[in-house]
Amino acid sequence: MTASTLTTRLAALAAALLPALSPAATPTAPVQDVTPLTLERVFGEPPLQGRLTRQAEISPDGAWVSYLRPSATDSDQLELWAQPAAGGAPRKLVSAAEVLGGRSQQLTEAERMALERKRITQGGITSYQWCGPSGKTLLFPLSGDLYLVRLTEQGPKAQRLTNDEQVPEQDPTCSPDGRQIAYVKGGDLWVQPLDGGAARALTRGATETRYWGLAEFIAAEELSRQRGYWWSPDGQRLLALQVDESEVPVKTRAQIFADRTTMTQQRYPGAGEHNARVTAWTLQIADGRATPLPLAADAEYIARAGWFGDGTPWLQWLTRDQRRLALTEYANGTGAGRVVIDERDPAWVEVHDDLLEIDGLTLSGQPALLWSSESSGRRQLVLVDRRTGERRPLTNEPEPVAHRVCSDGKTVVYAAARDRGRTRELFAIDLQGHARPLDGAQPRQWRDARGDGDCAQLLVTRGAWGEPPALSLQSVKPGAAAVALPGDAPDPLLARIVPRPEVVEIVAADGRTPLNALYFAPLDGKAGPHAVITMAYGGPGIGLTNWNWSRDTALIAYWQRRGYGVFTLDTRGMQNRDREFTRAHRHAFGVVDAADLFAAVRQLPQRVTGVDPKRIGFFGWSYGGFLAVRAMLDTDTPFAAAVAGAPPTDWTLYDTAYTERYLGMPQDGQGGQTAPYRQANLVLRADQLSKPLLVIHGTADDNVLFEHTLRLAEALQNQAAPFELMIYPGKAHGIAGRGPKLHLYRTIDAFFARSLAP
């Protein structure tokens, strides 16, 4: 559900930026001669946008750019590729098929769930890392085992490190010197030298409910922490988390496939229920000696962890209500912790990855700490004295800072919003607060970056409306030419079908807050008012209406050709705006977002021509699915029909950290639910359905459990209220696979054709 989501995003390579139509252009009349487009092509092979990559990295020596790339023969299979940083042709390093030698890829249920937490639906090589400082070795897991790829003069050479597919080695990491690796096996932490020595366990005694070194469900799903242990700078210790799930309620999840039903026992903490108990320890690599790092009594979640350069471990922890985030350090790796930073917010504190030591500035005898805070009203970077906690502002951006990228100790590179959150740009700032945009800044684009170890070179990804993300290597210093990293070219058809967006000035239901909204006019060449399909997410942590590349580009173009206008917007509470905007969801799921959605749809016919206000539909997924159902269970709805994908319908069924952050605890102390939960409970609104509704859900969804849709279905049936339901056996929160995905959108297309007909 998070942005994790959904949250950051070095995703892609593209050979050339598209000659896309200007996003400022507004069509004045329907276009008669339009390039045809089918759903089969929208979801077919090869992808219209080209085979976009993921997990792009600069090698430690700066010589290579590596990434995962979909196979040319099957986009659902990822391969490990690299290309010279100085320019040159990309080359495949290894594929799953080559390594497995005809064996089928195997995944345990735990591994499948871990991939779901990362929103990875493809197979093959799904993660990797550079191992050590040489830039010659990469480590990756595959089918339960671990492998190395060494870059030699004779080409890449793959080496199998482990041989036990039945008990997988999970979350491997290399030591800082690249001489050994650590991983989790059977719930315990192990270390293994890369010189051929034997693996050995650092911990023992793991059980089904107690394990070391893995992120628990809440950390991975809602706090964007995918790891449970960290190497010390000298490679002599691990900072490791132990997870005890014994008090977490067990949810029996039926994974309903076409030919079988598998009952899966999942430790899933619903709102108001017990979380896993997580404790922190330092482990000596030499002998496994464990030392506890005590936490405050009100520390509920460990959001981040790591080491300062002097070998001091630190933890960032949240209270259960998430109104307090504390950074605590442990001198000498023992004893009671000392709070260095204490961040508080009356609504909730957003976790981030901006903590960084700034070696070029000494405060109270130690390197200053880089931190980000929303205490000013919008997220900005600050410098913090590690001993005293005293802060000094660093950035003073007119819009929120998205995140820091890197620092060389004297300059900090960061990404920040522009154009009311619709643009993201890169900036460099010195420690005196003098900021400048990095080369390549321009209106209506979306840039992000990762830095090399010295923050001298950046791996920049640039997207824009109608232009798939493209990678380049760029110097932080101004004036140096960027090195384009050409990749898989988009299909030429994409340039011909890119929709022209019209910026629509929409005001929120409060009558004063501007909302970001775009409209795409129908292209069927027919006169008269047209039906409109509205697309929105509405939930916190994500912003979708911007000038970045949109994965819905071809779908929008298809619906235009079907004779629909398409309307997209971000309601209050969504990302990339000031704190007041992003806190709108506090105790208000289904209130502020629904009010904004209704207000926007009612304004649309006055803002653009040719809209039939009686034929406006809505389509949303996940939180957007909740909003779709909420919009239809309302006697005042302006919508004629809606499609809801994987909708949360009763927030007491959703997990603790996400739900309680926004709605608080569900119990009112008198045996009932609190008002925020009652008003967001869609099951209680079932008697208000009077227009067509299509609900879609995967039966193996371990994020929004299938039970959400079952409860809604039962309530609607008890009201004798007709609705449509499409289930996908064995599918998780997203519907993966070309065939099922094509079926999904054919189903949605047919529903709108029936329900929005004149």
#### Entry: side-chain hydrogen bond (donor to acceptor under 3.5 Å, both in side chains) between Gln673 and Asp668, worked out
CA-CA 5 Å; Gln673 290 184 8; Asp668 64 5; over 6 Å; no
### Query
Of all residues at least two apart in sequence or in a different chain, which pass the side chain to side chain donor-acceptor pair (under 3.5 Å) check with Arg338?
Glu329
## Note on the structure
Those residues at least two apart in sequence (or on a different chain) that pass side chain to side chain donor-acceptor pair (under 3.5 Å) with Thr637 are none
For [X] and [Y], indicate whether the former's side chain and the latter's backbone hold a donor-acceptor pair under 3.5 Å.
| X | Y | answer |
| --- | --- | --- |
| Tyr268 | Val248 | no |
| Gln603 | Ala599 | yes |
| Gln226 | Ala220 | yes |

#### Entry: Evaluation steps, side-chain hydrogen bond (donor to acceptor under 3.5 Å, both in side chains), between Asn516 and Thr545
CA-CA 6 Å; Asn516 294 334; Thr545 304; over 6 Å; no
[X] and [Y]: side-chain donor and acceptor closer than 3.5 Å?
| X | Y | value |
| --- | --- | --- |
| Thr203 | Asp188 | yes |
| Asp354 | His403 | no |
| Glu300 | Asn275 | yes |

Between [X] and [Y], is there a side-chain N and carboxylate O pair less than 4.0 Å apart?
| X | Y | answer |
| --- | --- | --- |
| Asp593 | Arg572 | no |
| Asp385 | Arg387 | no |
| Glu273 | Lys251 | yes |

### Query
Where do Arg324 and Asp298 land on the salt bridge (charged side-chain N to carboxylate O under 4.0 Å, His left out) test, with the steps shown first?
CA-CA 10 Å; Arg324 183 188 184 196; Asp298 59 345; 3.7 Å; yes
### Task
Evaluate whether atom CZ of Arg392 has more than 12 neighbouring non-hydrogen atoms of other residues, nucleotides or ligands under 6.0 angstrom away.
no
### Task
Taking atom CZ of Arg210 as the centre, report whether more than 12 heavy atoms of other residues, nucleotides or ligands fall under 6.0 Å from it.
no
### Query
Hey, does the Lys NZ or Arg CZ of Arg630 hover above the aromatic six-ring of Phe626, less than 6.0 Å from the centre and inside 45° of the axis?
no
### Message
Do Arg386 and Phe308 form a cation-pi contact, if we require the NZ or CZ to be under 6.0 Å from the six-membered ring centre and within 45 degrees of the ring's axis?
### Response
yes
### Query
What do the steps show when you test Glu216 against Arg225 for salt bridge (charged side-chain N to carboxylate O under 4.0 Å, His left out), and what is the final call?
CA-CA 9 Å; Glu216 74 278 16; Arg225 174 172 63 76; 3.0 Å; yes
### Task
Would you check if Glu222 and Arg661 make a side-chain contact, meaning some heavy-atom pair closer than 4.5 Å?
yes
### Task
Taking the side chain as every heavy atom from C-beta outward, state whether Trp317 and Tyr301 have any pair of such atoms under 4.5 Å apart.
no
## Note on the structure
Contacts satisfying side chain to side chain donor-acceptor pair (under 3.5 Å) that involve residues 707-732 (not counting sequence neighbours) are Asp650-Arg711, His697-Thr709, Glu707-Arg711, Glu724-Arg754, Tyr728-His743
### Query
Between Thr282 and Tyr330, is a side-chain hydrogen bond (donor to acceptor under 3.5 Å, both in side chains) present by the stated rule, with each step listed?
CA-CA 10 Å; Thr282 57; Tyr330 297 84; over 6 Å; no
### Query
From Leu627 CG over to Trp621 CH2, what is the distance, rounded to the nearest 0.5 angstrom?
15.0 Å
### Task
Enter the distance from Glu343:CD to Ser373:OG here, rounded to the nearest 0.5 Å.
3.5 Å
### Query
Can you check side-chain hydrogen bond (donor to acceptor under 3.5 Å, both in side chains) on Thr395 and Gln380, steps first, answer last?
CA-CA 6 Å; Thr395 61; Gln380 301 290 332; 2.7 Å; yes
